[in-house]
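Worksheet for the structure shown next.
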Amino acid sequence: MVRLLSQHQRWLFGYLTALLGNPSDAEDVMQEVCVVMWQKHEQFQLGTNFVSWLSVIAYHQVQKFWREKKKQRMFLSVELMDQLAQAMPNEFELLEARRRALADCASDLRDTDRQLLGQCYGNRNVTTKLVAEELGRPSDTVYKALNRIRKALFECINRKVSAEGVA
């Protein structure tokens, strides 16, 4: 159970943030979801869809959160929250397939392209113009290179996901 939660923790946080509209509230509710999940862990059957099971618990905790905060205005309407809550677990498999494909496709890029991606989208908060200055290249050249790389990644991801039959 702990392994399954750790594998899906980022998804759960995104799910909660989408429903609550606030990462701080999502962190609070995530703690409650973990408590309830642990209390109900015997109800989960290994081999079944963990994300669906977890999303039901999370959704109930989101509803509880809004009931307790009834004086605050909800981030989403009840109807929209219901639609989103039902759709997100179904999209999990596709998103995971795309994430895996991205990792594969990125590893297939030329070293220089991977380095450029890292410089532009890594942990630093930089602009394309700043990266171009650091590299001593015109900014439009860097911009065009990034567009080429993104297009190649997009096409590669779509091919891999289609080959898996997930799309």
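Along the sequence shown, the residues carry numbers beginning at 1.
- The shortest distance between side-chain heavy atoms of Gln31 and Glu27 does not fall below 4.5 Å.
- Atom CD of Glu155 has more than 12 heavy atoms from other residues, nucleotides or ligands within 6.0 Å.
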TODO: Please report the C-alpha distance between Leu16 and Gln61 in whole Å, then the side-chain angles of each, then the deciding distance to 0.1 Å, and finally whether the side chain to side chain contact (heavy atoms under 4.5 Å, CB included) criterion is met.
DONE: CA-CA 9 Å; Leu16 293 170; Gln61 291 307 121; 5.9 Å; no
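- Closest of all the heavy-atom pairs between Cys120 and Leu146 is SG-CD1, 3.6 Å.
- Atoms CZ and CG, from Arg99 and Asp104 in turn, are 10.0 Å apart once rounded to the nearest 0.5 Å.
- Aromatic ring pairs are classed by plane angle as parallel below 30°, tilted from 30° to 60° and perpendicular above 60°; the pair Phe50 and Trp53 is tilted.
- Not a single donor-acceptor pair under 3.5 Å links the side chain of Thr17 to the backbone N or O of Gly14.
- A heavy-atom distance below 4.5 Å is found between the side chains of Tyr121 and Arg150.
- Between the SG atom in Cys105 and the CG atom in Asn158 there is a gap of 9.0 Å [rounded to 0.5 Å].
- Residues Tyr15 and Ser55 come closest through the heavy atom pair OH-O, 3.5 Å.
- Rounded to the nearest 0.5 Å, atoms CD (Glu32) and NZ (Lys64) are 5.5 Å apart.
- The shortest distance between side-chain heavy atoms of Asp25 and Phe65 falls below 4.5 Å.
- The heavy-atom pair separating Glu164 from Ala97 by the smallest distance is OE1-CB, 3.8 Å.
- To the nearest 0.5 Å, the span separating CG on Leu153 from CZ on Arg148 amounts to 10.0 Å.
- Inter-residue side-chain proximity for Leu130 and Glu133 is flagged as met; some heavy-atom pair is nearer than 4.5 Å.
- Residue Met37 comes nearest to Ile57 through the heavy atom pair CA-CD1, 4.0 Å, listed as atom of the first residue, atom of the second, then distance.
- Shortest non-hydrogen contact noted between Ala58 and Val33 is CA-CG2, 3.6 Å.
- Ser139 and Ala132 make their closest contact through CA-CB, 3.5 Å (heavy atoms, listed as atom of the first residue, atom of the second, distance).
- Leu135 and Tyr143 fall into different hydrophobic clusters, where Ile, Leu, Val, Met, Phe, Trp and Tyr side chains are chained together by heavy-atom contacts under 4.5 Å.
- In this structure the side chain of Met30 reaches within 4.5 angstrom of the side chain of Gln9, judged on heavy atoms.
- Here the side chain of Ser162 pairs no donor or acceptor atom with the backbone of Arg159 at under 3.5 angstrom.
- Taken together through direct or relayed side-chain contacts under 4.5 Å among Ile, Leu, Val, Met, Phe, Trp and Tyr, Leu117 and Val126 form part of one hydrophobic cluster.
- Dense packing is recorded around CZ of Phe44, with more than 12 heavy atoms of other residues, nucleotides or ligands lying under 6.0 Å away.
- Looking at heavy atoms from C-beta onward, Pro23 lies in side-chain contact with Phe13 at the 4.5 angstrom threshold.
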